[in-house]
Amino acid sequence: MTESKKTTIILFSGDYDKAMAAYIIANGAAAYDHEVTIFHTFWGLNALRKDENVLLPQKKSFMEKMFGWMMPRGADNMGLSKMNFAGMGPKMIKGVIKKHNAVPLPQLIEMAKEQDVKLVACTMTMDLLGLQKGELFDDIEYAGVAGYLGDAQEGHVNLFI
């Protein structure tokens with residue numbers, strides 16, 4: 001009986017390139033039969049945000065509305081960690097990705113879902129930033145630190161991005 005291999009990734013960054021790296025590693029690990037969890041916290045939650053505006057059941061406070069307005073909505077709207085150049089950097093890197101037939105971040109996220117990568121949104125961060133479940137993808141899980149630690153303690157590979 002072979003022991004299952006587990007990979008956990010904390011995605012803290014809301015940068016397109018860092019999120020892309022996290023999802024490339026996740027998809028690669030899943031292809032090698034690892035059980036993979038990506039725990040999205042703080043700005044990493046932007047990768048799980050729906051692109052469209054969502055009508056929410058609960059009202060938001062002024063501060064929660066400000067966070068929602070300032071944070072990019074969806075993976076394709078995230079900026080770069082370096083060379084953002086007032087929004088030109090992401091357009092340039094997406095052009096390079098297309099030219100080299102590489103997979104852009106939104107498709108990497110879909111591939112991860114297809115490979116049963118466990119996508120988890122940090123509930124504490126959601127509370128802090130005023131994000132509601134309706135603003136995030138429908139087919140994800142929600143957990144706090146204890147949930148992440150439960151996956152990570154059995155992990156063979158644990159990354160923080």
Side-chain angles (χ1 to χ4, degrees), residues 1-58 67-68 71-81 90 93-94 96-161:
M1 182 174 169
T2 61
E3 182 182 350
S4 66
K5 299 168 280 190
K6 295 187 179 192
T7 296
T8 63
I9 301 170
I10 296 175
L11 182 55
F12 177 85
S13 176
D15 297 323
Y16 187 95
D17 47 330
K18 292 178 183 178
M20 194 167 169
Y23 274 91
I24 288 169
I25 293 167
N27 281 303
Y32 280 98
D33 296 324
H34 285 226
E35 289 180 40
V36 183
T37 298
I38 304 178
F39 185 77
H40 300 76
T41 190
F42 283 91
W43 318 121
L45 284 169
N46 292 325
L48 298 178
R49 286 187 79 192
K50 293 177 181 174
D51 293 333
E52 69 275 359
N53 233 342
V54 179
L55 186 61
L56 298 169
Q58 294 178 305
F67 273 122
M71 292 169 33
R73 189 174 281 121
D76 212 29
N77 295 311
M78 296 163 67
L80 292 179
S81 60
I93 197 70
K94 289 173 189 174
V96 170
I97 288 168
K98 187 175 183 176
K99 178 181 176 186
H100 290 276
N101 295 316
V103 181
L105 180 57
Q107 285 178 279
L108 287 170
I109 294 170
E110 287 305 313
M111 287 171 59
K113 291 177 186 178
E114 290 168 10
Q115 294 195 84
D116 294 323
V117 170
K118 184 174 164 184
L119 304 181
V120 181
C122 176
T123 52
M124 183 203 68
T125 303
M126 288 176 65
D127 289 344
L128 289 174
L129 300 178
L131 288 172
Q132 297 177 25
K133 288 182 179 181
E135 296 177 89
L136 304 180
F137 295 142
D138 296 329
D139 49 357
I140 63 172
E141 297 182 31
Y142 299 88
V145 172
Y148 167 74
L149 290 174
D151 286 336
Q153 74 182 8
E154 297 175 6
H156 296 86
V157 179
N158 296 296
L159 303 172
F160 185 94
I161 299 174

Chemist: To the closest 0.5 Å, what do you measure between NZ (Lys94) and CG (Asp76)?
Modeler: 3.5 Å

Chemist: Can you see which heavy atom on Leu11 is nearest to which on Ala47, and at what distance?
Modeler: CD2-CB, 4.4 Å

Chemist: Would one find more than 12 heavy atoms of other residues, nucleotides or ligands at under 6.0 Å from atom NZ of Lys133?
Modeler: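 Counting other residues, nucleotides and ligands, NZ of Lys133 stays at 12 neighbours or fewer.
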
Chemist: Closest heavy-atom contact between Ala19 and Met78?
Modeler: CB-CE, 3.7 Å

Chemist: Walk me through whether Leu136 and His40 qualify under side chain to side chain contact (heavy atoms under 4.5 Å, CB included).
Modeler: CA-CA 11 Å; Leu136 304 180; His40 300 76; over 6 Å; no

Chemist: Specify the closest pair of heavy atoms between Leu45 and Cys122, including all atoms of both residues, with the distance to one decimal.
Modeler: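 The pair with the smallest heavy-atom distance is CD2-N, 4.0 Å.
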
Chemist: Please set out all donor-acceptor pairs under 3.5 angstrom arising from side-chain atoms of residues 97-114, sequence neighbours excluded.
Modeler:
residue, atom, partner, partner atom, Å
Glu110, OE2, Lys113, NZ, 3.2
Lys113, NZ, Asp139, OD1, 3.3

Chemist: Quick one: does any side-chain atom of Arg49 pair with a main-chain N or O of Pro72 as donor and acceptor, under 3.5 Å?
Modeler: yes

Chemist: Are Val145 and Met124 close enough, and set up right, to give a side chain to side chain contact (heavy atoms under 4.5 Å, CB included), and what steps lead you there?
Modeler: CA-CA 8 Å; Val145 172; Met124 183 203 68; 5.8 Å; no

Chemist: Looking at every heavy atom in both Glu135 and Gly130, which two are closest together, and how far apart are they?
Modeler: OE2-O, 3.7 Å

Chemist: Could you tell me which residues satisfy ring pair (Phe, Tyr, Trp, His ring centres under 6.0 Å) with Phe160, sequence neighbours excluded, listed by chain and number?
Modeler: Phe12

Chemist: Is the cationic atom of Lys5 (NZ for Lys, CZ for Arg) positioned less than 6.0 Å from the six-membered ring centroid of Tyr32 and within 45 degrees of its normal?
Modeler: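 So Lys5 doesn't make the cation-pi contact.
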
Chemist: Could you tell me which residues satisfy salt bridge (charged side-chain N to carboxylate O under 4.0 Å, His left out) with Asp116, sequence neighbours excluded, listed by chain and number?
Modeler: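 None.
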
Chemist: For the CG atom of Leu129 and the CE atom of Met71, what is their distance to the nearest 0.5 Å?
Modeler: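 If we round to the nearest 0.5 Å, Leu129:CG and Met71:CE are 5.0 Å apart.
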
Chemist: Just wondering, do Asn77 and Tyr16 contact through their side chains at under 4.5 Å, heavy atoms?
Modeler: no

Chemist: Testing Ile10, Asp151, Thr8 one by one against Asn158 for a side chain to side chain contact (heavy atoms under 4.5 Å, CB included), which residue passes?
Modeler: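 Single side chain to side chain contact (heavy atoms under 4.5 Å, CB included) partner of Asn158 among Ile10, Asp151, Thr8: Thr8.
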
Chemist: As an exercise, state the distance from NE2 of His156 to OG of Ser4, rounded to the nearest 0.5 Å.
Modeler: 7.0 Å

Chemist: If you measure from CG on Asp138 to CG on Leu48, what distance do you get to the nearest 0.5 Å?
Modeler: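 One gets 11.5 Å once the value is rounded to the nearest 0.5 Å.
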
Chemist: Please determine whether side chain to side chain contact (heavy atoms under 4.5 Å, CB included) holds for the pair Tyr23 and Ile9, giving the CA-CA distance in whole Å, both sets of side-chain angles, and the decisive distance to 0.1 Å.
Modeler: CA-CA 9 Å; Tyr23 274 91; Ile9 301 170; over 6 Å; no

Chemist: Of all residues at least two apart in sequence or in a different chain, which pass the ring pair (Phe, Tyr, Trp, His ring centres under 6.0 Å) check with Phe39?
Modeler: Tyr148

Chemist: Could you tell me which residues satisfy side chain to side chain contact (heavy atoms under 4.5 Å, CB included) with Ala29, sequence neighbours excluded, listed by chain and number?
Modeler: Thr7, His34, Val36

Chemist: Check side chain to side chain contact (heavy atoms under 4.5 Å, CB included) between Ser81 and all other residues, then give those that pass, not counting sequence neighbours.
Modeler: Asp15, Asp17, Lys18

Chemist: So how far is it from Gln132 CD to Met126 CE, rounded to the nearest 0.5 Å?
Modeler: 8.0 Å

Chemist: On a heavy-atom basis, which atom in Tyr142 and which in Val120 lie closest, and how many Å separate them?
Modeler: C-CG1, 4.2 Å

Chemist: Return the minimal non-hydrogen interatomic distance between Ala26 and Ile38, and the atom names on each side.
Modeler: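 It is CB-CD1, 3.6 Å.
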
